[in-house]
**Student:** 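The structure's right below; bear with me while I get my questions together.
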Amino acid sequence: MSETIVPIYDAQKIEKKWQQKWAEDKIYDSNIDHNRQKYYVLTMLPYPSGNLHIGHWYAMTPPDAHARFKRMQGYNVMFPMGFDAFGLPAENAAIKNNIHPSKWTFANIDHMRNQLKSMGAMFDWRREIISAKPEYYRWTEWFFLQLYKHNLAYRKFSPVDWCPHCNTTLAREQVWGDDRHCERCGTPVIKKDLNQWYFRTTNYAEELLDFSEMDWPERVQTLQTNWIGRSEGASVTFKTEYGDPMEVFTTRPDTLWGATFMVIAPEHPLVAKLTSAEQAQAVNAYVEQAKKQTDIQRETADREKTGVFTGSYAINPVNQARIPIWIADYVLMGYGTGAIMAVPAHDKRDFDFARKFGLKVIVVVQPDDMETLDGDTMLDVAPTHGRLVNSDLMTGTSGEDAFDTVVNWLEEQKIGHRTITYRLRDWLISRQRYWGAPIPMIHCPHCGVVPVPEDQLPVLLPDDVEWKPTGESPLKLHPTWKHTKCPVCGADAERETDTMDTFMCSSWYHLGYLSPYFPTWPFDQKEYDYWMPVDIYTGGIEHATMHLIYTRFFHKACRDMGITKGSEPMLKLRNQGSVLGEDNEKMSKSRGNTVDPDKLVASYGADTVRAYLMFFARWELGAPWNSSGIEGSSRWLRRTWSMFLEPDDSGKRASADVLVKLRRKAYQTLKAVTRDFEAFQFNTIVSGLMELLNEISKAKQAGAWNTPEWKEIVTLYLRMTAPVTPHIAEELWSLTGHQGSVHTQPWPEMDWEAAKEEEVTIVVQVNGKLRDRITIAADSTDEEARELGLASAAVISAMAGKPAKKVIVVPKKLINIVI
RNA sequence: GGCGCGAUGGCGGAAUAGGCAGACGCAACAGACUUAAAAUCUGUCGAUCGCAAGAUCGUGUGGGUUCGACCCCCACUCGCGCUACCA
């Protein structure tokens, strides 16, 4: 080979060099520029747990490649990064190692910032925000006050979910799974009666169901839609014998005539009043027992029904029937009105209950294709589609019309009305922990609950706090912190000692990046008007019903308060999957199957890690790690390196044909790669570039080195790889004699003429079976193709002398001869 | 129980409008270079039959639509996720 000395590919050296150079040249600073179209790329910010995980690389480097691509396309791209720095692990570390949460957090941030820089991403570090800084959380507190002022924050005493391990309450969204465990630590939650702060997310339930302006994955829309749980039905008022109204919600008002009893939740406010003297003992015992049970955990669905008769009756408003009122824990106080009308003939739960306690069953819906049902003898619930029977004046109404007919009648009679119920709950934001943004409220013995005046923000966290887990807020146990004066009357008063859910901090961080720690408003209006909304947001699917609902609620609430504009904060969302361990299990320290990105960077370089993460799986699905697979990406970059740097001195001269083919492949790749960058299809971007390199290799062997076409393809290839592997692309850009940074180059222009195929291979089938392949000019007519196909020897023999009944010609693809 | 997603070689995956199944890569095998190994380069690589040319089968299972189905429809199996006495 050549005598020329080719430098070896030293990834670490190159990467460090360029990262420094890019920072010095400030090539990733994002500034308002009204001459260019903006593009705001946002990736969910990390919690500063101490170390960057391979999952962080997987979440961040593909969006970085997308951001770089858009930048080369001419967009003014902002890609910020920060830290979601409040939260429990800091406190747990404090308890375990006796180190202050603040010290722990900020030390971790310093370490992780350096790790993030080793990715070579185009983060604009001037825009970094850290949610635990007073300059940031002052605005988190400010937002709370705005919500409070607009009656979107309120305080309520009620049973709440409590994590006994984290020693704090949780929002409904943070309680997961069959066993109702804490989303953070996995401990099953218990119920506690507490006074807590809530945001009125339910005010926005209907609007949150509207995804029409957004390009979000179907899956997330489904998860959110189910979580919000809209059901259409009717609210119907029954009366007790004593005249108390008892409202129930039903999705099937047409089955009202089949209501043979009522059931109320054990916590229902009318329990005491409805309990007769004879039943008092049984009812008290049942209510006590139910209370205990909810304290342990919510029962499973297929559990045997339990319940007790109150001794009282209600009047069914549609037919004046006198029906018994029971208490049972299968009716939940938290949904609907905590009372139901039971229609045992058509509801499985009511049926089980009726059979167990010997209650009457009346069939009111008779399906046309079934024999006449009998409530006394039927073995299971009847389907709920058919024609109404045993329903007085409604008898005979058929399935589809029944709902509307009955509801209209109920509204005329003024005994019920159409209504909608949601499963979504208001967001419980109080946390009995230290390391969070204080809730800026004051409890005054004379004035009640009073907000901290805005000019006194932030309410700072004290440094000297005892953070032992006692079940009480650490701030409550601080000797002096909570004592203050009432801002209204000046009397001695106490601060709220709970802090806010950290999801509050992350509900507006995308605004924080606009103008970090802006002194007079949560963000600089000029920056907001230019950059918002977020054009593309990426992160894990696990936030579908938590952060992604909260932040949408937050944006809509702020819009209604005149702070933000538009109905949605993030127009487009894409979710990455997860990288599993080599054993196909979730990565965890205890399993010992984690992959350390620092080690990979040390042995392969960041570019190889980036390329492999984009290549090895479909980004939205993820896949198990494969430590020999990464060799392929490493090989690809080493080949790229020597391909362009090792001269070919064999003296061969490439034919025109070779060069035409090379250019064709290059522009076809450009077309595919451009489409895939747009569509977040990172794996096919890398495989497309690999294919192109294979073609370049063939052309080089055929003598294409250093021809004008070769030089053209080098600049094309390096620009296409720049978003994926920014360091090696930059180094090769410079070593092959190009000026400036490859990252400030425009994305290549498409040459459609060069990409065009002159000849195409057409598949010839007989009765759908592949019989021959013919190569014809790309501009052949269908008629020419058809004749060539029919002339093929293999086709003639397959047709065995039979005439063609039909010939289908798909241009440039296929001919199918039907015989 | 309900809703949703998925199933393609030994493995990860490709096939972006219903039109050549298995691109690209890993692993494996063979060859070149080397004292040897690594690295690199060149090939082979879905299954069965065949010396070969080639033939048949093949995208979880069973059916359907179509000239033609990994792709659309129906039923099912398995796996994953969410949700669950939600009235």
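Given the structure is predicted, the values throughout are model-derived calculations rather than measurements. In the text below, chain A, chain B and the rest are named by the order of the sequence lines, each starting its count at 1.
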**Student:** Any side-chain N or O of A:Asn683 less than 4.0 Å from the OP1 or OP2 oxygen of B:A14?
**Tutor:**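 The answer is yes; a side-chain N or O of A:Asn683 sits under 4.0 Å from OP1 or OP2.
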**Student:** What's A:Arg675 touching, base or sugar-phosphate or nothing? Going by heavy atoms closer than 4.0 Å.
**Tutor:**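 Here A:Arg675 touches the bases of the nucleic acid.
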**Student:** On a whole-Å scale, what distance lies between the P atoms belonging to B:G54 and B:C45?
**Tutor:**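 Straight-line distance between the two P atoms is 14 Å.
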**Student:** Across the strands shown, which category fits A:Arg230 at heavy-atom distances under 4.0 angstrom: base, sugar-phosphate, nothing?
**Tutor:**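 Nothing, no heavy atom under 4.0 Å.
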**Student:** Need to verify one output field. Residue with the more 5' nearest nucleotide on RNA chain B, A:Thr761 or A:Asn816?
**Tutor:**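 Nearest-nucleotide comparison on RNA chain B picks A:Thr761.
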**Student:** Under a 4.0 Å N-O cut-off, is there an ion pair linking A:Arg574 with A:Glu620?
**Tutor:**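 No, this pair does not count.
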**Student:** Using Watson-Crick or G-U wobble geometry with both distances below 3.5 Å, tell me the partner of B:A28, or none.
**Tutor:**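 Here B:A28 is engaged in a pair, and the nucleotide opposite it is B:U44.
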**Student:** Hey, does A:Arg773 reach any base, or is it just sugar-phosphate, or nothing, if we go heavy atoms under 4.0 Å?
**Tutor:**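 Since a base atom lies under 4.0 Å of A:Arg773, the category is base.
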**Student:** Does one side chain, of A:Trp216 or A:Gln224, offer a donor that lies under 3.5 Å from an acceptor on the other?
**Tutor:**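 Their side chains do not contain a donor-acceptor pair, so the 3.5 Å distance test is not met.
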**Student:** Is the phosphate of B:G25, meaning OP1 or OP2, less than 4.0 Å from a side-chain N or O of A:Arg635?
**Tutor:**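 For B:G25, neither OP1 nor OP2 has a side-chain N or O of A:Arg635 closer than 4.0 Å.
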**Student:** Does A:Glu218 reach a base, just sugar-phosphate, or nothing at all? Heavy atoms under 4.0 Å.
**Tutor:**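 No contact.
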**Student:** For B:C41, does OP1 or OP2 lie under 4.0 Å from any side-chain N or O of A:Arg639?
**Tutor:**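 Looking at the OP1 and OP2 atoms of B:C41, one of them is under 4.0 Å from a side-chain N or O of A:Arg639.
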**Student:** Using a cut-off of 4.0 Å on non-hydrogen atoms, how would the nucleic acid contact of A:Leu223 be classed: base, sugar-phosphate, or nothing?
**Tutor:**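 Sugar-phosphate contact only.
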**Student:** Do the charged groups of A:Asp161 and A:Lys191 touch, with an N to O distance under 4.0 Å?
**Tutor:**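 Answer for the salt bridge query: yes.
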**Student:** Check every strand shown and say whether A:Gly622 touches a base, only sugar-phosphate, or nothing at a heavy-atom separation below 4.0 Å.
**Tutor:**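 Sugar-phosphate only.
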**Student:** Taking the ring of A:Trp752 and the ring of A:Tyr667, is the distance between their centroids below 6.0 Å?
**Tutor:**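 So the answer is no for these two rings.
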**Student:** Counting the atoms with a prime plus P, OP1 and OP2 as sugar-phosphate, which does A:Asp350 contact under 4.0 Å by heavy atoms, base, sugar-phosphate, or nothing?
**Tutor:**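 The residue A:Asp350 makes no contact with any strand.
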**Student:** So among A:Lys661, A:Arg664, A:Lys665, which one has a salt bridge (charged side-chain N to carboxylate O under 4.0 Å, His left out) with A:Glu757?
**Tutor:**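 When A:Lys661, A:Arg664, A:Lys665 are each tested with A:Glu757, the salt bridge (charged side-chain N to carboxylate O under 4.0 Å, His left out) holds only for A:Arg664.
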**Student:** Quick one: label A:Glu631 by what it contacts on the DNA or RNA (base, sugar-phosphate, nothing), any heavy atom closer than 4.0 Å.
**Tutor:**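 No contact.
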**Student:** So what does A:Lys812 touch, heavy atoms closer than 4.0 Å: a base, only the sugar-phosphate, or nothing?
**Tutor:**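 Nothing, no nucleic acid heavy atom in range.
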**Student:** Remember a base hit wins even if backbone is also touched, and classify A:Phe616 as base, sugar-phosphate or nothing at under 4.0 Å, heavy atoms.
**Tutor:**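 Sugar-phosphate contact only - A:Phe616 comes under 4.0 Å of backbone atoms but never of a base.
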**Student:** Would you mind classifying the nucleic acid contact of A:Trp636 as base, sugar-phosphate or nothing, using non-hydrogen atoms under 4.0 angstrom?
**Tutor:**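 The residue A:Trp636 makes no contact with any strand.
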**Student:** Could you give the distance separating B:G60 and B:G10 at their P atoms, to the nearest angstrom?
**Tutor:**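 Pairwise P distance, B:G10 against B:G60, rounds to 13 Å.
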**Student:** Given the P atoms of B:U56 and B:A69, what is the spacing between them in whole Å?
**Tutor:**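 About 16 Å, rounded to a whole number of Å.
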**Student:** Does OP1 or OP2 of B:G6 have a side-chain N or O of A:Arg618 closer than 4.0 Å?
**Tutor:**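 No.
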**Student:** With heavy atoms under 4.0 Å as the rule, sort A:Val818 into base, sugar-phosphate or nothing.
**Tutor:**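 If one applies the 4.0 Å heavy-atom cut-off, A:Val818 turns out to touch the sugar-phosphate alone, with no base involved.
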**Student:** For B:G6, which nucleotide in any strand shown is its Watson-Crick or wobble partner with both distances under 3.5 Å?
**Tutor:**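 For B:G6, the partner nucleotide comes out as B:C78, under the 3.5 Å rule.
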**Student:** If you check every side-chain atom of A:Gln681, which of B:G25, B:C86, B:U16 has the closest atom?
**Tutor:**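 The answer is B:U16, which lies nearest to the side chain.
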**Student:** Counting just side-chain N and O atoms, does A:Thr684 come under 4.0 Å of either OP1 or OP2 of B:G13?
**Tutor:**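 Result: no.
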**Student:** Report which part of the nucleic acid A:Thr251 touches: base, sugar-phosphate, or nothing (heavy-atom distance under 4.0 Å, all strands).
**Tutor:**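 Sugar-phosphate, no base atom in range.
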**Student:** Measure the distance from CG on A:Leu770 to P on B:G58 and round it to the nearest whole Å.
**Tutor:**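 Rounded to the whole Å, the gap is 15 Å.
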**Student:** Is it the case that B:C85 (base atoms only) and A:Lys348 (side chain only) share a donor and an acceptor within less than 3.5 Å, ignoring hydrogens and angles?
**Tutor:**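 Check fails, no donor-acceptor contact within cut-off.
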**Student:** Using a cut-off of 4.0 Å on non-hydrogen atoms, how would the nucleic acid contact of A:Glu678 be classed: base, sugar-phosphate, or nothing?
**Tutor:**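 A:Glu678: no heavy atom of the nucleic acid under 4.0 Å.
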**Student:** Could you check which of B:U56, B:G19, B:A84 has an atom nearest any side-chain atom of A:Arg172?
**Tutor:**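 Taking heavy atoms from C-beta onward, the closest nucleotide is B:A84.
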**Student:** Does A:Asp380 come within less than 4.0 Å of A:Lys348, counting only side-chain N to carboxylate O?
**Tutor:**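 Counted as a salt bridge, because a side-chain N and a carboxylate O are separated by less than 4.0 Å.
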**Student:** Would you please confirm or rule out a distance under 4.0 Å between OP1 or OP2 of B:A84 and any side-chain N or O of A:Arg423?
**Tutor:**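 It does, given that an N or O in the side chain of A:Arg423 lies less than 4.0 Å from OP1 or OP2 of B:A84.
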**Student:** Given the C1' atoms of B:U48 and B:C41, what is the spacing between them in whole Å?
**Tutor:**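 The same atom, C1', in both gives a distance of 34 Å.
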**Student:** Would you mind telling me which residue lines up with the more 5' stretch of RNA chain B, A:Arg425 or A:Tyr612, judged by nearest nucleotide?
**Tutor:**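 Per heavy-atom nearest nucleotide, the more 5' residue is A:Tyr612.
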**Student:** Please state whether the phosphate of B:G4, meaning OP1 or OP2, lies under 4.0 angstrom from any side-chain nitrogen or oxygen of A:Gln221.
**Tutor:**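 The answer is no; no side-chain N or O of A:Gln221 sits under 4.0 Å from OP1 or OP2.
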**Student:** Under 4.0 Å between a side-chain N or O of A:Asn626 and OP1 or OP2 of B:G13?
**Tutor:**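 No, A:Asn626 has no side-chain N/O under 4.0 Å of OP1/OP2 on B:G13.
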**Student:** Measuring only the C1' atom in each nucleotide, how far is B:U59 from B:G18? A whole number of Å is fine.
**Tutor:**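 Here B:U59 and B:G18 have their C1' atoms 15 Å from each other.
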**Student:** Distance between the P atoms of B:G19 and B:A28, in whole angstroms?
**Tutor:**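 My reading of the P atoms in B:G19 and B:A28 gives 36 Å.
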**Student:** Between A:Arg638 and B:U40, does any side-chain N or O lie under 4.0 Å from OP1 or OP2?
**Tutor:**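 Affirmative; the distance criterion is met.
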**Student:** Charged N to carboxylate O below 4.0 Å: is that the case for A:Arg230 and A:Glu232?
**Tutor:**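 Judged by the 4.0 Å cut-off on N to carboxylate O distance, A:Arg230 and A:Glu232 do form a salt bridge.
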**Student:** Among A:Trp636, A:Tyr604, A:Trp641, which residue satisfies the ring-ring contact (aromatic ring centres under 6.0 Å, His included) criterion with A:Tyr9?
**Tutor:**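 Result for ring-ring contact (aromatic ring centres under 6.0 Å, His included) with A:Tyr9: A:Trp641.
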